[in-house]
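Structure first, commentary second.
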Amino acid sequence: MRTSISVPTQLRSVATALAASLPDFYSVSEPEDAAGLVVLDGSGNWVAAAAEKLSAGRHNLLVHAPGPVDPGEVDTLAARTSTIVLSEPFAGNPVLKNLPQDIPFGAVSSTALAAPETPVERALLEQIRSLRAAGFTDLAVENAQITATGALLTGEARHEQRLVRVRALVTRTSAVTPHHVLRAYSPEHVLTVTLPDPATAAPGTATLVGPDGERILPTDYESAHRRTWRLAHESPREAASLRDFADDLRVLGSIS
Amino acid sequence: MTGVGLIGAGAVVQTIHLPTLARLSEEFTIRTVMDTDPATAQAVAARVGAQASTDLEDVLNDESIEVVAICSPPEFHAEQTVAALRAGKRAVLCEKPLATSHDELRDIAEALAETGGLLVVGAMHVFDPAWTEIRPRLGELVRSARTVRSSIVLPFNDRYESRASHLLPRQPMSMPDASDPAVRQAFLNAAVLGLAVHDLPLVHELIGRPGTDAEIVSAEFLEPFGYVIGIRAGQTLVEVSGLMQPHWKPLWELEAVSAEEVLHVEFTPSFVPAGSATATITGAQGAFSVGNRPTNGYEAEWRRLAQALQGQTDAVPSSADVLADAEFVVHVADRATALLGEQVPA
Ligand SMILES: NC(=O)c1ccc[n+]([C@@H]2O[C@H](COP(=O)([O-])OP(=O)(O)OC[C@H]3O[C@@H](n4cnc5c(N)ncnc54)[C@H](O)[C@@H]3O)[C@@H](O)[C@H]2O)c1
């Protein structure tokens, strides 16, 4: 069954393109009342907008590229509903779903090149989110250096019950399209994950180097947003949790 | 033909300098191999038909030796460099690190000023053909880089050394207990002076040579042997990391990102003559790439020393830059080690 979606003007072209790549699932419609799914722009105070929509009886909500908001408000929202989908530009990349989890990583590094117009705070949040999606959770930041154009963090996270040293570097630049590179190190393995520009369907890649040589994990030519939109239709329960998002916002709050 | 004396004849001489000098046999000839261990001195000297000695004075007093290469352990570098300069040698090629303290650097600076000798530090990436070719194009990346990242992931040296030459037997190294905070500090210091040192001169140039004004903001030791150091120089953030572990794949990168350009350099591993790095600058106009040259920085450092001896003084970095870079290295090592010591273990 096709779901009609309503989108704010600024997301119209993005949403139209996404819906066109899932023609059996979605069609962009007006007015909102007729829509089965309401898309919110994650660049503003999306949490307030979502609360408003809920109060107006709109229960199926998707936040496109959610940015930093107040974590307490996200908790409040999470207590009210479990049907909000977060469509995240990097953390939603399909490559992150099939990473090997049984390797005893001791350190992970993340390097993010962000668009010049992306605030450093948002770029950092996206980085923390992609680390979580790769299995590195409960980040505790020990040292943070923030400038107008970049950030450098060191700290500790958890991966499968083990403590892992974390470092992250963010730079705003127009030189290349935005992307993230994660590298996780264990005594015998190095896992390298690249998360491409979410505006393209260039696949994220994961490469595992170990005692037997090098293995490239399967690639999937689906953008993070398309994957999230597809799953929102196929199996909505797989959506990223608002509570985790609130936790990651608290990590961000501990830095800036 | 320029006569060379080698001081210290361990792994770096056997795997790097002898094969490199063999390729430059029209420029250099090794006259004496000096090592405090007589068996090593003799065995290495015999490989190249040179004299063996256990006495530094033999090299210093031999007038047919114009260039001294200092390849002893780091704690002897400064003292031997000063001795060679003061003995009137035309040039010293000192393996990295040039010095382990600011005091040692002061002595070297004085000796350089008084003798006018030439000093080259064997930080081979400074001489890597790809770095040499990309340098004139760095433009706004120098000083206005927003972030700089030096990242070294390497298998342990034995993977390469044994492919570069037949190594003489060595005393097995005992690994001290890294759970001891003092041992971790010593490891971190050694890692900066021994491994990070390769790229710190390049990092220093990219961030506008702030020397000891650069702030070391974080430092940690990584198991089994590695480090992550955060540096802030004005608005530029620098991450310097290294990790040695048994896995096979080397990845030795240097990256600098400015508002409009990204520099990415990938170096080949040490010891083996695996050719030059590749260096790419990417920006709105596309990418410009150099490298994949058949030779590496080891050969270039000797070649450029030969050119400098023939009067082309700009073939090698100026003494001022060499000293400033070495001050930066010592500063990073000292401050990172002190910072690690201040951290209370959880
Ligand atoms: N550029 C590179 O890629 C590279 C690679 C490895 C080592 N190095 C540098 O080369 C130097 C030597 O390293 P190595 O791996 O050959 O070490 P090594 O331990 O294999 O060899 C050192 C040699 O110096 C001798 N020695 C000790 N004290 C001496 C003294 N006072 N005078 C003369 N000789 C003395 C020892 O007997 C030994 O043979 C170090 O400074 C190291 O940092 C550089």
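Keep in mind it's a predicted model, so treat the numbers as computed, not measured. We name chains A, B, ... by the order of the sequence lines, and we start the count at 1 in each one.
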Inset, instruction - Check each atom of A:Glu142 against the heavy atoms of chain B and say whether the ones under 4.5 Å are side chain, backbone, both or neither. - result: neither

Inset, instruction - Over all heavy atoms of both residues, which pair between A:Ala148 and B:Gln235 is shortest? Give the atoms and the distance, please. - result: N-OE1, 4.2 Å

Legend entry - Contact leader toward chain A among B:Arg232, B:Arg149, B:Gln285, where contacts are heavy-atom pairs under 4.5 Å: B:Arg232

Legend entry - A:Arg165 with B:Glu223: basic N within carboxylate O range, under 4.0 Å: no

Legend entry - Contact origin within B:Val257 toward chain A - heavy atom pairs under 4.5 Å: both

Legend entry - B:Ile281, part contacting chain A, at a heavy-atom distance under 4.5 Å: neither

Legend entry - pair A:Arg183-B:Leu243: side-chain heavy atoms closer than 4.5 Å: no

Inset, instruction - Could you grab the distance from atom CD of B:Glu239 to atom CD of A:Gln145, nearest 0.5 Å is fine? - result: 12.5 Å

Inset, instruction - Tell me, for B:Ile229 versus chain A, whether the close heavy atoms (under 4.5 Å) come from the side chain, the backbone, both or neither. - result: neither

Legend entry - Segment of A:Glu188 engaging chain B (4.5 angstrom heavy-atom cut-off): backbone

Legend entry - A:Arg250 atom CZ: more than 12 heavy-atom contacts under 6.0 Å: yes

Legend entry - Separation between NE2 of A:His189 and NZ of B:Lys249, rounded to the nearest 0.5 Å: 14.0 Å

Inset, instruction - Could you tell me whether a side-chain N or O of B:Arg146 sits under 3.5 Å from a main-chain N or O of A:Arg172, the two making a donor and an acceptor? - result: yes

Inset, instruction - Could you tell me which portion of A:Pro187 (side chain, backbone, both or neither) has an atom closer than 4.5 angstrom to a non-hydrogen atom of chain B? - result: backbone

Inset, instruction - Measure distances from A:Ser186 to the heavy atoms of chain B and classify the residue's part below 4.5 Å as side chain, backbone, both or neither. - result: backbone

Legend entry - A:Leu113 portion near chain B, given a 4.5 angstrom heavy-atom threshold: side chain

Inset, instruction - Might you confirm whether atom OH of A:Tyr221 has over 12 heavy atoms from other residues, nucleotides or ligands at distances under 6.0 Å? - result: no

Inset, instruction - Supply the atom-to-atom distance A:Thr149 OG1 to B:Leu237 CG, rounded to the nearest 0.5 angstrom. - result: 7.0 Å

Legend entry - Which portion of B:Val153 sits near chain A, non-hydrogen atoms under 4.5 angstrom: side chain

Legend entry - Test item: B:Glu260 side-chain N/O and A:Ser174 main-chain N/O as donor-acceptor pair under 3.5 Å: no

Legend entry - Residue B:Arg143 excluded, over 12 heavy atoms near CZ under 6.0 Å: no

Legend entry - Most chain B-contacting option - heavy-atom pairs closer than 4.5 Å, from A:Thr154, A:Val190, A:Leu152, A:Val176: A:Leu152

Legend entry - A:Thr173 side chain vs B:Ser258 backbone, donor-acceptor pair below 3.5 Å: yes

Inset, instruction - Against chain A, label B:Pro224 side chain, backbone, both or neither, depending on which of its atoms sit under 4.5 Å from a heavy atom there. - result: neither

